[in-house]
Asks: 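Dropping a structure here in structure tokens format, bear with me for questions.
Worth saying up front: this structure is predicted, and the values here are computed from it rather than measured. A, B, ... follow the sequence lines: proteins, then strands. Residue 1 opens every chain.
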Protein chains: 2
Amino acid sequence: MNSTSTSTNKFEQLADLKQKSIIDASVNEFANNGFKNASVNKIVEEAGISKGSLFNYFKSKNLLFDHIYQIALREVKTYLAKVRDESKNDDFFTRFSKIINSGIAFINKHPRLAKIYFRLLNSDDSPHGKVIVQKLHSEAIRYLTQFVETGIERNELRSELNPTTVAFLMESTLNRILQVHYLEIIDTKSELSKIDNNWIDEIVDTLKMGLSK
Amino acid sequence: MNSTSTSTNKFEQLADLKQKSIIDASVNEFANNGFKNASVNKIVEEAGISKGSLFNYFKSKNLLFDHIYQIALREVKTYLAKVRDESKNDDFFTRFSKIINSGIAFINKHPRLAKIYFRLLNSDDSPHGKVIVQKLHSEAIRYLTQFVETGIERNELRSELNPTTVAFLMESTLNRILQVHYLEIIDTKSELSKIDNNWIDEIVDTLKMGLSK
DNA sequence: TTAAATAATGACCACCCGGTCATTATTGTT
DNA sequence: AACAATAATGACCGGGTGGTCATTATTTAA
């Protein structure tokens with residue numbers, strides 16, 4: 001059996017290669033068209049299986065999508081956990097830079113998953129879309145609030161700061177940077193982007209030093 | 001004739017009331033379903049006209065959508081121009097607060113247009129979507145860069161700051177605040193939201209003072 | 001009042017959708 | 001080799017799509 005309930009046991013029992021080709025085709029189609037506009041017919045064609053088989057593995061388009069986006073979220077979380085653990089001994093601002101760079105690396109390595117992720121965040125044509133978005137947002141805030149609290153404890157940040165407010169600012173900035181980078185690499189298919197290390201450092205530094213005289 | 005080329009002259013020559021009902025129905029349908037999933041059949045039904053007539057006024061669904069989103073953008077720009085002019089004598093941070101509040105007021109007054117606006121920003125199922133998004137982003141940055149430069153000239157901001165970087169930070173924050181507010185009022189149908197004046201002031205103040213000790 | 005010009009209509013078109021299920025092909029068991 | 005169990009198939013279903021156009025209704029002009 002499977003840990004999730006999105007796919008039937010029949011899908012898990014398939015040969016790995018077949019599973020991969022189905023997932024690959026689905027990721028492609030959902031990434032390029034969102035949920036509603038994605039075509040099951042195109043997926044089965046690209047995967048090289050019959051429609052009846054697909055609906056034997058997944059009871060509906062909805063459940064197929066659930067399976068796919070859970071893959072995307074699992075991958076994102078792996079990245080975030082990794083950067084959190086690997087940057088334990090860095091100061092707050094270095095850590096923040098590393099989080100941003102980790103996000104950029106993720107987009108470079110998994111552009112199609114990133115596409116699904118952003119579609120999930122930003123449109124409501126996906127099943128459970130609203131619920132997922134709110135869960136993601138609050139998880140992100142919680143994740144970042146930890147960093148802020150650690151930073152305050154370590155005397156790297158002003159103690160008067162409201163951690164939630166700072167986390168909100170960080171999340172806004174992170175989100176926008178990744179979105180800009182994502183739009184750029186989706187268009188140009190190149191990993192070169194104006195979002196380079198200098199640009200990131202300048203943003204983080206501006207946040208660090210503040211705007212006022 | 002008309003200043004834009006999205007609608008035929010036939011649409012402009014219609015009685016105002018008829019025009020309004022068509023626009024109203026279209027705004028509804030596009031706001032609730034995005035471009036591709038919006039149904040022309042539903043629009044003509046709600047507007048109380050025949051399908052043939054609609055395609056006589058607008059040559060395609062594409063051009064109808066163009067007409068609608070241009071209305072949305074025009075309305076947004078009116079708001080932004082108003083707050084820019086009305087806050088000329090305020091200091092930088094007060095102005096930024098006012099911009100945010102103006103955005104919130106817009107969402108409260110025109111939730112359906114806001115929905116179209118966010119859909120435009122965040123999904124690519126609309127015609128010319130990518131181009132529009134990039135134009136909007138650079139326009140926003142330009143608009144905010146003006147504020148920053150004025151702030152530096154008036155000695156309200158540190159002179160070492162890179163205006164574009166600050167504008168980017170402002171735009172990220174503004175965007176996220178409005179998005180959160182938008183999601184809240186869409187769900188609750190109430191104008192009450194955790195995005196109140198205190199919350200906004202705290203965010204602006206954090207940006208102002210910076211994070212470091 | 002009548003005829004010509006214009007506007008409105010909705011049945012119809014080809015196409016695509018998600019999902020079903022009787023039929024066929026493959027596999028496993030004796 | 002023969003049979004049963006299981007897996008794969010794709011024609012088919014009802015329904016929806018954007019768009020068209022011959023027909024009908026309305027307005028305008030003489």
Side-chain angles (χ1 to χ4, degrees), chain A residues 1-2 6-23 25-69 125-129, chain B residues 1-2 6-23 25-30 32-69 123 125-129:
Chain A
M1 275 301 287
N2 183 17
T6 58
S7 59
T8 64
N9 54 340
K10 288 179 183 165
F11 180 70
E12 263 78 28
Q13 281 159 13
L14 252 43
D16 273 19
L17 228 149
K18 203 170 201 175
Q19 285 192 33
K20 284 216 177 89
S21 92
I22 292 170
I23 288 175
S26 304
V27 166
N28 252 333
E29 184 68 10
F30 285 126
N32 288 330
N33 303 289
F35 175 71
K36 270 204 175 174
N37 291 323
S39 160
V40 174
N41 295 313
K42 297 241 181 76
I43 291 175
V44 297
E45 188 187 357
E46 192 185 326
I49 62 170
S50 71
K51 208 199 288 203
S53 289
L54 185 67
F55 281 100
N56 194 24
Y57 308 146
F58 299 92
K59 282 182 191 159
S60 69
K61 187 186 179 186
N62 249 296
L63 290 175
L64 171 60
F65 180 76
D66 284 350
H67 191 80
I68 299 299
Y69 94 69
D125 91 318
S126 312
H128 335 302
Chain B
M1 276 303 287
N2 183 18
T6 57
S7 59
T8 64
N9 53 340
K10 287 178 184 166
F11 180 71
E12 264 75 29
Q13 280 159 13
L14 252 43
D16 272 19
L17 227 149
K18 201 170 202 174
Q19 284 193 33
K20 285 217 176 88
S21 93
I22 293 171
I23 288 176
S26 304
V27 165
N28 252 334
E29 185 67 10
F30 285 127
N32 289 329
N33 303 288
F35 174 71
K36 271 205 175 174
N37 290 322
S39 161
V40 174
N41 295 315
K42 297 241 181 77
I43 291 175
V44 298
E45 188 187 358
E46 192 184 326
I49 62 170
S50 72
K51 208 200 287 205
S53 288
L54 184 67
F55 280 100
N56 195 23
Y57 308 147
F58 299 92
K59 281 181 192 159
S60 69
K61 187 188 180 185
N62 250 296
L63 290 175
L64 170 60
F65 180 77
D66 284 350
H67 191 80
I68 299 299
Y69 95 71
S123 78
D125 91 318
S126 313
H128 334 303

Asks: Should B/Ser39 be listed as having a side-chain N or O under 4.0 Å from OP1 or OP2 of D/dT17?
Replies: yes
Asks: Starting at CG of B/Leu54 and ending at P of D/dT20, how long is that distance when rounded to a whole Å?
Replies: 12 Å
Asks: Atom NZ of B/Lys18 and atom P of C/dA7: how far apart are they, to the nearest Å?
Replies: 11 Å
Asks: On a heavy-atom basis, which atom in B/Lys36 and which in B/Lys61 lie closest, and how many Å separate them?
Replies: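 For B/Lys36 versus B/Lys61, the nearest heavy atoms are O-NZ, 3.1 Å.
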Asks: Hey, which sits more toward the 5' end of DNA chain C by its nearest nucleotide, B/Leu14 or A/Phe35?
Replies: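 Result of the comparison: B/Leu14.
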Asks: Under 4.0 Å between a side-chain N/O of B/Ser50 and OP1 or OP2 of C/dA8, yes or no?
Replies: no
Asks: So, is B/Tyr57 near the phosphate of C/dA7, with a side-chain N or O under 4.0 Å from OP1 or OP2?
Replies: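 So the side-chain polar atoms of B/Tyr57 never come under 4.0 Å of the phosphate oxygens OP1 or OP2 of C/dA7.
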Asks: Ignoring backbone atoms, test whether B/Ser53 places a side-chain nitrogen or oxygen under 4.0 Å from the OP1 or OP2 oxygen of C/dA7.
Replies: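 Negative; the distance criterion is not met.
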Asks: Using side-chain contact (heavy atoms from CB on, under 4.5 Å), reason through A/Ser53 and A/Val44 one step at a time and then give a plain yes or no.
Replies: CA-CA 9 Å; A/Ser53 289; A/Val44 297; over 6 Å; no
Asks: Between A/Asn56 (CG) and D/dG10 (C1'), how many Å, whole number?
Replies: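 Between C1' of D/dG10 and CG of A/Asn56: 14 Å.
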Asks: Does the side chain of B/Ile23 reach to within under 4.5 Å of the side chain of B/Phe11, using non-hydrogen atoms?
Replies: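 B/Ile23 vs B/Phe11: side chains touch.
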Asks: Report which part of the nucleic acid A/Lys36 touches: base, sugar-phosphate, or nothing (heavy-atom distance under 4.0 Å, all strands).
Replies: nothing
Asks: Does C/dC16 have its OP1 or OP2 closer than 4.0 Å to a side-chain nitrogen or oxygen of A/Asn41?
Replies: no
Asks: Expressed as a whole number of angstroms, how long is the span from B/Glu45:CD to D/dT17:P?
Replies: 10 Å
Asks: For a quick test of reading the model, state the closest non-hydrogen atom pair linking A/Ala38 to A/Gly34 and the distance between them.
Replies: CB-O, 3.1 Å
Asks: Between B/Phe35 and B/Phe30, what is the ring plane arrangement, given parallel below 30°, perpendicular above 60°, and tilted in between?
Replies: parallel
Asks: Starting at CZ of A/Phe55 and ending at C1' of D/dC13, how long is that distance when rounded to a whole Å?
Replies: 13 Å
Asks: Distance check needed: C/dC16 P versus A/Lys61 NZ, whole Å only.
Replies: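 Going from A/Lys61 (NZ) to C/dC16 (P), I get 15 Å.
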Asks: Round to the nearest Å and state the distance from B/Lys10 atom NZ to C/dA5 atom P.
Replies: 15 Å
Asks: Considering every strand and a 4.0 Å limit on heavy-atom distances, what is the contact class for A/Lys51: base, sugar-phosphate, or nothing?
Replies: base
Asks: Round to the nearest Å and state the distance from B/Phe58 atom CZ to D/dT20 atom P.
Replies: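 It works out to 16 Å between those atoms.
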